[in-house]
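Structure, as structure tokens:
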Amino acid sequence: MYKIGDFVVHGTNGVCEVENIGTLEDMGMPKGRLYYTLHPCYSEQSRVFTAVENPKVVIRPVLTRPEAQALIDEMPQIEYLWIKDEKQRESEYREALHKCDCRELVRIIKTIYVHQKKRIEEGKKVTSIDDKYFHLAEDNLYGELAFPLKMEKEDVKKYIIQRIALEE
């Protein structure tokens with residue numbers, strides 16, 4: 001169980017601070033059931049309430065600085081996620097996002113980047129599904145990496161590109 005003040009990653013809400021742990025009976029929730037009150041770090045006004053014991057939602061610790069740097073170094077080797085069927089691809093993207101796993105986010109970003117590039121070369125437009133999941137994956141990944149790297153979320157992409165370029 002996390003403690004008040006801990007920073008965690010919650011599903012697709014990204015990095016959150018645990019603000020409170022307690023019952024929500026006054027909000028009509030079952031008696032005696034404990035809930036986390038989470039404050040998403042990149043959404044000032046938002047609050048997320050989730051049961052402490054909820055197997056459907058992933059809550060995990062934020063990556064440490066060494067883990068974040070190791071993930072960035074590993075990015076060139078992370079495999080693409082490729083499915084030809086548009087509907088199946090959206091389902092795979094959604095499932096990968098809900099795993100709350102940074103490697104899955106990298107897979108989505110790499111896959112969509114290559115797919116978008118190919119479509120543009122063929123004179124086709126980028127699909128709205130690809131565009132939507134590309135931005136969601138980038139937002140979640142860069143938001144989490146910014147935290148242990150102690151940088152602004154907007155600077156993470158540039159940092160990744162520079163770090164990977166240094167290794168090549």
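Being a predicted model, the structure only gives us computed values, none of them experimental.
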Pair I78-L71, side chain to side chain contact (heavy atoms under 4.5 Å, CB included): steps then yes or no: CA-CA 9 Å; I78 294 176; L71 173 68; 4.1 Å; yes
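- Not counting sequence neighbours, Y159 has no partner by the ring-ring contact (aromatic ring centres under 6.0 Å, His included) test.
- More than 12 heavy-atom neighbours from other residues, nucleotides or ligands sit within 6.0 angstrom of CD on Q88.
- D6 contributes a side-chain N or O that, together with a main-chain N or O of K3, makes up a donor-acceptor pair within less than 3.5 Å.
- Side-chain contact between V114 and Y80 is present, with heavy atoms from C-beta onward closer than 4.5 Å.
- For K132, there are no salt bridge (charged side-chain N to carboxylate O under 4.0 Å, His left out) partners at least two apart in sequence or on another chain.
- Cluster annotation: Y42 and Y36 are assigned to distinct hydrophobic clusters (Ile/Leu/Val/Met/Phe/Trp/Tyr, side-chain heavy-atom contacts under 4.5 Å, transitive).
- Looking at heavy atoms from C-beta onward, I112 lies in side-chain contact with Y133 at the 4.5 angstrom threshold.
- Using a 4.5 Å cut-off between side-chain heavy atoms of Ile, Leu, Val, Met, Phe, Trp and Tyr, with links allowed through other members, V15 and V48 fall into different hydrophobic clusters.
- Within the 4.5 Å cutoff, the side chain of V62 has heavy atoms near those of the E144 side chain.
- Clustering ILVMFWY residues whenever any of their side-chain heavy atoms sit less than 4.5 angstrom apart, transitively, puts M151 in the very cluster that holds V106.
- Electrostatic pairing of R89 and D130 counts as a salt bridge here, judged by a charged N lying under 4.0 Å from a carboxylate O.
- Within the 3.5 Å criterion, the main-chain N or O of E79 finds no donor-acceptor partner in the side chain of K110.
- Counting only distance, with no hydrogens or angles, the side chain of R60 and the backbone of C100 share a donor-acceptor pair below 3.5 Å.
- Using a 4.5 Å cut-off between side-chain heavy atoms of Ile, Leu, Val, Met, Phe, Trp and Tyr, with links allowed through other members, L145 and F134 fall into the same hydrophobic cluster.
- Atoms CG and CG, on L97 and L141 in that order, are 11.0 Å from each other to the nearest 0.5 Å.
- Taking the side chain as every heavy atom from C-beta outward, E44 and H39 approach each other to under 4.5 Å.
- V9 and I109 fall into different hydrophobic clusters, where Ile, Leu, Val, Met, Phe, Trp and Tyr are joined by side-chain heavy atoms under 4.5 Å apart, directly or via other members.
- Between I164 and M75, some side-chain heavy-atom pair lies under the 4.5 Å cut-off.
- In this structure, Y2 and P61 approach most closely via the heavy-atom pair OH-CD, 3.2 Å.
- With sequence neighbours left out, E154 forms a salt bridge (charged side-chain N to carboxylate O under 4.0 Å, His left out) with no residue at all.
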Apply side chain to side chain contact (heavy atoms under 4.5 Å, CB included) to F7 and C16, showing your working. CA-CA 6 Å; F7 288 91; C16 299; over 6 Å; no
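- With hydrogens and angles ignored, the 3.5 Å screen pairs a side-chain donor or acceptor of R119 with a backbone N or O of K125.
- Using a 4.5 Å heavy-atom threshold, the side chains of M1 and V52 count as touching.
- The line from CG of L38 to NE2 of H10 is 6.0 Å long, rounded to the nearest 0.5 Å.
- Applying the ring pair (Phe, Tyr, Trp, His ring centres under 6.0 Å) test to pairs two or more places apart or on separate chains, those with a residue in residues 98-122 are W82-H115.
- Counting heavy atoms from C-beta on, the side chains of T50 and T37 never come closer than 4.5 Å.
- Once rounded to the nearest 0.5 Å, the distance linking OH of Y93 with OG1 of T111 reads 6.0 Å.
- Rounding to the nearest 0.5 Å places CD of Q69 at 14.0 Å from CD of E74.
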Output, in order, the C-alpha distance, side-chain angles, deciding distance and verdict of side chain to side chain contact (heavy atoms under 4.5 Å, CB included) for F49 and L24. CA-CA 9 Å; F49 303 96; L24 298 176; 3.8 Å; yes
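- Atom CD of E104 is separated from atom CD of E95 by 8.5 Å, given to the nearest 0.5 angstrom.
- With sequence neighbours excluded, the residues forming a salt bridge (charged side-chain N to carboxylate O under 4.0 Å, His left out) with K153 are D139, listed by chain and number.
- Of the N and O atoms on the side chains of T64 and E67, at least one donor lies less than 3.5 Å from an acceptor on the other residue.
- Proximity of I108 to L136: side-chain heavy atoms (C-beta onward) are nowhere separated by under 4.5 Å.
- Residues passing the salt bridge (charged side-chain N to carboxylate O under 4.0 Å, His left out) test with E17: none are found, sequence neighbours excluded.
- Rounding to the nearest 0.5 Å gives a distance of 15.5 Å between CD of E152 and OH of Y142.
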